[in-house]
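Notes for the one structure printed next.
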Amino acid sequence: MAVMTMATTIKKMETLSVRSLLADSDLTLDDLKLLFDLSERVKATPGEYAHALRGKQLAMIFEKPSLRTRTTFEVGITSLGGFAVYLEHTKPRLGEREAIKDIARNLERWVHGIVARTFVHESVLELSANASIPVINALTDLYHPCQVLADFFTLHEKFGDLKGLKLAFVGDGNNVCHSLMIQGAKLGASVHVATPPGYEPKPEILETARALAAETGASIETFHDPIQAVAGANAVYTDVWTSMGQEFAAHLRNQVFAPYRVTKELMAAADSGALFMHCLPAHRGQEVTDEVVDSPQSVVYDQAENRLHAQKALMLLLLRDAHV
Ligand code: CP
Ligand code: NVA
């Protein structure tokens, strides 16, 4: 019965072009459309998928703290009939106790997939290169693809077609910003980024996003003036000024980023009815005022909720055929 339900809820032909999700550029436009479509179905009728990943096991390696990512992956796999093992790796970090390739070669004997949050992006690449099972990037210093999948799914729910949509990212040119630029460019959504001088997104990622945007008609622009960046934006997005691992520079960053705080006044410079977005955790009073996070324009908790649905869709597509 569960097998029949599975067959009718995900069609055989519904597959992703990749075995793992390591970076946003791995996903094609068709992959993104399929993930949004399945996220919508999983969100509408979760009960239909309750046994879809029965018996599938996931290892979740975290070098950094997490509320949303850990909870949504663990609750997500459990609600699909599977099971997750949490591997706390703040001390020692990945590769210190044993080689990353040995971790991968052990895990592939026991579990069907690996979710990994690491500092160095190459760590998730190395896990994937040495394991025969899917690896999912749960945030690295370079990208946060699962977050941004949920973010664009949220925008799709609010606006429908994403082509022609304009999103402004204000703050640090960090992992979340990189993922927004790449997925946005693929989807035909423009991403305008305002950062202080010296905190721009990485040039090579900007170049990749611009090349992708040239094919979809999106524009990927960088600014130093937040007012210029948010002009005409349908959504204004910000993130912490100090990402995990940069705490040593927090004092300086708090001064440099002060003009980039998202306030009611900055929101008023965007399109009327613009949404406010944040991946969370938010540092209220720093990158965003309480007033904005708690305003009716804010969709931050919708984004957080959609992490669950989008990652369930991702796990369904990546893990259903994975074998130990
Ligand atoms: N947005 C996000 O990834 O949150 P956590 O760090 O709590 O997982
Ligand atoms: N840029 C932030 C995102 C947290 C979800 C960080 O890396 O800490």
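As the structure lists them, so they are numbered: ligands from 1, and atoms in each ligand from 1. These numbers come from a predicted model, not from an experiment.
Residue N174 has at least one heavy-atom neighbour below 4.0 Å for each of these atoms of ligand 2: 1 (N). Residue-ligand proximity, N175 to ligand 2, at heavy-atom distances under 4.0 Å covers atoms 1 (N), 2 (C), 6 (C), 7 (O). Shown in contact with L280 at under 4.0 Å from a heavy atom are these atoms of ligand 2, numbered in order with element: 5 (C). Each of the atoms 3 (C), 4 (C), 5 (C), 7 (O) of ligand 2 lies under 4.0 Å from some heavy atom of L139.
Ligand 1 is surrounded by S66, L67, R68, T69, R117, H144, Q147, C279, L280, R307, each with at least one heavy atom closer than 4.0 Å.
Residue-to-ligand polar distances place S243 within reach of ligand 2: an N/O pair is separated by less than 3.5 Å. Ligand 2 has no nitrogen or oxygen under 3.5 angstrom from a nitrogen or oxygen of K64. At under 3.5 Å, not a single nitrogen or oxygen of V240, backbone or side chain, sits near a nitrogen or oxygen of ligand 2.
With hydrogens and angles ignored, the 3.5 Å screen pairs a side-chain donor or acceptor of T140 with a backbone N or O of L142.
Between Y237 and F276, the distance separating the two ring centers is not shorter than 6.0 angstrom.
Sorted by first and then second residue, the ring pair (Phe, Tyr, Trp, His ring centres under 6.0 Å) pairs with a member in residues 55-89 read F62-Y86; sequence neighbours excluded.
Remark: K33 does not engage D37 in a salt bridge, criterion side-chain N to carboxylate O under 4.0 Å.
Counting side-chain heavy-atom gaps under 4.5 Å among Ile, Leu, Val, Met, Phe, Trp and Tyr, the cluster of L308 also holds V75.
Aromatic ring orientation, H156 versus F153: tilted (interplanar angle from 30° to 60°).
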Sequence neighbours excluded and cut-off under 3.5 Å, please list the side-chain donor-acceptor pairs for residues 288-296, or say none.
{"residue": "T289", "atom": "OG1", "partner": "V292", "partner atom": "N", "Å": "3.4"}
{"residue": "D290", "atom": "OD1", "partner": "R284", "partner atom": "NH1", "Å": "2.7"}
{"residue": "D294", "atom": "OD1", "partner": "R284", "partner atom": "NH1", "Å": "3.3"}
{"residue": "D294", "atom": "OD1", "partner": "R284", "partner atom": "NH2", "Å": "3.0"}
{"residue": "D294", "atom": "OD2", "partner": "R284", "partner atom": "NH1", "Å": "2.9"}
{"residue": "S295", "atom": "OG", "partner": "V292", "partner atom": "O", "Å": "2.8"}
{"residue": "S295", "atom": "OG", "partner": "Q297", "partner atom": "N", "Å": "3.4"}

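Linking ILVMFWY residues whenever their side-chain heavy atoms come closer than 4.5 Å, directly or via other members, places F169 and V148 in the same cluster.
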